[in-house]
Engineer: 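Before anything else, here's the structure in question.
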Amino acid sequence: MSKVINIQPATRIEGHSRVAITLDDAGNVVDTKVHVQNLRGFEKFCEGRPVEEMPRTVCHICGICPWAHHLASSKATDGCFGVTPPPAAVKLRRLMQNIAYVSDKILNFYFLAAPDFVIGPDADVSVRNVVGILQAAPDIAKKVVHMRHLGAQMLEGFAGRAIHPTFSVPGGVSRPFTEAERQKMLPSAQELLEFAKFSIKFAKENVFPKYMDTIKSLGVIKVGYLGTVRADGALEFYDGKLRMMKPDGSLEDFTYDQYLDNIGEWVAPWSYQKFPYAKKWGKLSLSLENPVGVYRTNCLARINVADKMATPLAQKELEEFRAAFGRPAHYTLLYHYARLIELLQAAETVVELLNDPEITSTNIRVPVTAKAGRGVGCVEAPRGTLIHDYECDNEGLITKVNLIVGTTHNNAAINLSVNQAAKENIKGGKYDQGILNKVEMAIRAYDP
Amino acid sequence: MAVNVIEDWLNACSGCEISILNIGDPLVDLLPQLNFVHITALIDHKFFGQLGEGTAMEVPEAVVGIVSGGVRTEEQKHELQEIRKKAKFLISLGSCACFGGVPAQANMWKNEEVFEKVFRQSPSTDPSPNPEDPNVPKWTPTCTAVDEVVKVDISIPGCPPHPDWIAEAVTGLLAGKTSWSLPERSVCDTCPVIREKKSGGGPVKRWLQNYEFKPEEGLDKFRCINEQGYLCMGPVTLAGCAGKTGQPRCIVARTPCRGCFGPIRKGAQPLVDMMNALTSVGLDPKSILDRRAMMNRYIGGHGNLKVLPARPVK
């Protein structure tokens, strides 16, 4: 008789999901599903709210990447009110976003992903976690806790909040950055940059080589990619054009307000999370052998769509990465590698912005006036492209909200990777907790 | 001897869990004292057995249960009830768990209206029936706080709660202190800004430009936001966002208090009290657009936000 394995909850990821693996009589995998089990309804309950309240409302979509939602929302509200924030405001938004990126990537790599690699994919559950890391490598673990916290303190010291910020507002930001604050933040930024350099070196020497076979096999799928690039094609988190890459590597760029021409969302009866797909590539198919319309976001996608990195050290790393894995690189576990290249770019960008004299300008906000309008604001969240599309009436109250966010883009790809990992690893009814954890590692790579 | 702890997020965003990590360096000493028998964020314990063969949710025994997020689905409700059965002490962590939180704003609509919007009225979505599957838990009739479902021993409010309070409440509990609460003070009681008990009068201004202040000056030279003529929820919001030593966090950013720590005391009516506070400095609170949602932003559980008959289309 066929049988269903229920992995619930999927762990060391954000959110609520259950992985169901159906086996046939012979114990081979016939079906897998990743069921996302929660829905909050932001798109509805934001209706009626004043536009200026949106950036500090929708940040609550995600407590790990609130800055990304905060900023995508701010950009959408800039659009609703038809204003362009002054250059210093944009620099301060980017500064905050990049600091938050550094904290986020440290969290994901060391707290969530590292247990699988440092302790081992089939190690006992009691030690395959951050507490196990604390015991196995106490010096690194202490440093990680400290560095992650340092980023949070940098955000809080200036912008009040690290989690669920209020600092970015329609037309700019709420307060300027003083010279004293800039001086105070610089040494911390240097500390983060040194740690970013250490992290990628550490991973390249101690983690990736050991798991090269797993990297080349686990959860591997060949699909497309979506990310943001600057006008010159460099990888960018805050602003630019959206770029879609087909599985064969061909590119198509589009502006934020063209997203509806390029992205559709399918609703599965078995998940609260929708399945965005590339509209121009044909009808969505989740067939593992021949997927159609499936694209990925998050770091590996950004690394693939970008022509280059925006900072020198990260660029050197990209060159090394491309020499080894090509462009596009399709191995799913390379997300972890790509994440560390981005960590480096984010840390370098923080230092670069702090050395920009314009960042202490007091011209940081254009006042706005309530009027009817629409704004589509996008940024790259750590987990992928955020699309915030708002419309408001002539009193400046929200009438429509459409959101396609981070991990949602990866929904189809995650389901495919889980399918591949389950089929590769579970055969003839043989599996154990280590094998089931490998299936989850295919999810964890996406850092959902 | 480490104490068994179970932690999980319900209708949550994970911000509370990140706030636990923001305890910072002291976390390194605190973690080994806690034996997490379940924490979705960090440890691979499964509710249906490590081999996924269980048929019913099995929640392990623990001394301390910590739950973030409100209750949005029948399965979350079931899990919460199981955690309550298995944990000696239950902590509701954060304003979603304590009051419903931001997602409880959904209580202003019928559930079907929310589903209609998400699955059939979104411009990017292929219009489709609502997901319907045994593995997709049904919504509860409303989004509720944790204490609307089970008894709670300690509530730590905030969006997110300050790490100081999480550390204090948890270490207190480990030392046998089974109750914890913040003093009944308002954000204004801890806010260093200049107050003169008057404003320029007239309608409450919308937050469409920045407040008046000199960048290099501290909050002790910053004029109260309400008295500058704007809405700040400080007068009716429990103090604590700043932790033990800081200044109110939103005010540090020169932005108004959002009300995220909830009411100063149980049973308070922030909407009524806030209207009075604005009146007392000479402002006309009726001029505020969307004040029901704005003033119940984090506390929409407990029946504070509900579907109103014949809501005007706005």
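Letters A, B, ... mirror the listed sequences (proteins, then strands); counts begin at 1.
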Engineer: Relative to chain A, which segment of B:Ala41 carries a heavy atom at a distance below 4.5 Å: side chain, backbone, both, or neither?
Structural biologist: backbone
Engineer: Give me the atom names and distance for the closest heavy-atom approach of B:Cys250 to A:Thr166.
Structural biologist: SG-CG2, 3.5 Å
Engineer: I'd like to know if the side chain of B:Asn135 and the backbone of A:Trp270 have a donor-acceptor N/O pair within less than 3.5 Å.
Structural biologist: no
Engineer: For B:Lys214, is it the side chain, the backbone, both or neither that has a heavy atom under 4.5 Å from a heavy atom of chain A?
Structural biologist: neither
Engineer: Can you tell me which residue among A:Leu436, A:Ile7, A:Asn437 is in a side chain to side chain contact (heavy atoms under 4.5 Å, CB included) with B:Asp44?
Structural biologist: A:Asn437
Engineer: Quick check on B:Leu51 against chain A: is it the side chain, the backbone, both or neither that has a heavy atom closer than 4.5 Å?
Structural biologist: both
Engineer: Please state whether the side chain, the backbone, both or neither of B:Asp290 comes within less than 4.5 Å of a heavy atom of chain A.
Structural biologist: side chain
Engineer: Take the angle between the ring planes of A:Tyr272 and B:Phe119 and call it parallel below 30°, perpendicular above 60°, tilted in between.
Structural biologist: parallel
Engineer: I'd like to know whether the aromatic ring centres of A:His60 and B:Tyr298 sit less than 6.0 Å apart in this structure.
Structural biologist: yes
Engineer: Checking side-chain polar atoms at under 3.5 Å, does B:Asn210 have a donor or acceptor matched by the opposite partner on A:Ser174?
Structural biologist: no
Engineer: So for B:Cys241, is it side chain, backbone, both, or neither that comes closer than 4.5 Å to the heavy atoms of chain A?
Structural biologist: side chain
Engineer: Quick one: what part of B:Phe213 sits under 4.5 Å from any heavy atom of chain A, side chain, backbone, both or neither?
Structural biologist: side chain
Engineer: Do any N or O atoms from the side chain of A:Arg365 and from the backbone of B:Gln209 form a donor-acceptor pair under 3.5 angstrom?
Structural biologist: yes
Engineer: Taking all non-hydrogen atoms of both residues into account, name the closest pair between A:Ser271 and B:Pro131 and its distance.
Structural biologist: O-CG, 3.3 Å
Engineer: Taking side chain as everything from C-beta outward and backbone as N, CA, C, O, which of these in B:Phe36 sits under 4.5 Å from a heavy atom of chain A? Side chain, backbone, both or neither.
Structural biologist: neither
Engineer: When B:Lys46 is tested against each of A:Gln8, A:Glu440, A:Gln433 for side chain to side chain donor-acceptor pair (under 3.5 Å), which residue passes?
Structural biologist: A:Glu440
Engineer: Okay, side chain of A:His35, backbone of B:Val136: is any donor-acceptor separation there less than 3.5 Å?
Structural biologist: no
Engineer: Taking side chain as everything from C-beta outward and backbone as N, CA, C, O, which of these in B:Gln76 sits under 4.5 Å from a heavy atom of chain A? Side chain, backbone, both or neither.
Structural biologist: side chain
Engineer: Check B:Glu116 with A:Lys44, please: is the shortest side-chain N to carboxylate O separation under 4.0 Å?
Structural biologist: no
Engineer: Within the 3.5 Å criterion, strictly below it, is a donor on B:Ser124 or A:Glu265 matched to an acceptor on the partner's side chain?
Structural biologist: yes
Engineer: So for B:Pro256, is it side chain, backbone, both, or neither that comes closer than 4.5 Å to the heavy atoms of chain A?
Structural biologist: both
Engineer: Looking only at non-hydrogen atoms, find the nearest pair between B:Cys13 and A:Ile61 and report the distance.
Structural biologist: CB-O, 3.9 Å
Engineer: For A:Phe167, does the six-membered ring have the charged nitrogen or CZ of B:Arg254 within the cation-pi criterion, i.e. under 6.0 angstrom from the centroid and within 45° of the normal?
Structural biologist: no
Engineer: If you look at every heavy atom in B:Ile23 and A:His149, which pair is closest and at what distance?
Structural biologist: O-CE1, 4.3 Å
Engineer: Under 4.5 Å heavy-atom distance to chain A, tell me which part of B:His45 shows up: side chain, backbone, both or neither.
Structural biologist: backbone
Engineer: Can you see which heavy atom on A:Trp266 is nearest to which on B:Asp126, and at what distance?
Structural biologist: CA-OD2, 3.9 Å
Engineer: Let me know if B:Cys260 has heavy atoms under 4.5 Å from chain A in its side chain, its backbone, both or neither.
Structural biologist: side chain
Engineer: Please evaluate residues A:Val145 and B:Val28 with respect to the criterion side chain to side chain contact (heavy atoms under 4.5 Å, CB included), reporting the C-alpha separation (whole Å), side-chain torsions for both, the decisive distance (0.1 Å), and the verdict.
Structural biologist: CA-CA 8 Å; A:Val145 170; B:Val28 176; 4.1 Å; yes
Engineer: Just by modelled atom types, is the B:Glu53 backbone N or O under 3.5 Å from a matching donor or acceptor in the A:Lys3 side chain?
Structural biologist: no
Engineer: Please flag which part of B:Pro129 lies under 4.5 Å from any non-hydrogen atom of chain A: side chain, backbone, both or neither.
Structural biologist: backbone
Engineer: Quick check on B:Gln121 against chain A: is it the side chain, the backbone, both or neither that has a heavy atom closer than 4.5 Å?
Structural biologist: neither
Engineer: Step by step, work out the side chain to side chain contact (heavy atoms under 4.5 Å, CB included) result for B:Lys117 and A:Phe45.
Structural biologist: CA-CA 10 Å; B:Lys117 165 75 194 186; A:Phe45 68 70; over 6 Å; no
Engineer: Any idea which heavy atoms bring B:Ser122 and A:Asn402 closest together, and the distance?
Structural biologist: OG-OD1, 2.9 Å
Engineer: One thing to verify: whether B:Arg206 and A:Glu53 come together as a salt bridge, which I'm taking to mean a side-chain N less than 4.0 angstrom from a carboxylate O.
Structural biologist: no
Engineer: Counting heavy-atom pairs under 4.5 Å to chain A, which of B:Val114, B:Val102, B:Asn111 comes out on top?
Structural biologist: B:Val102
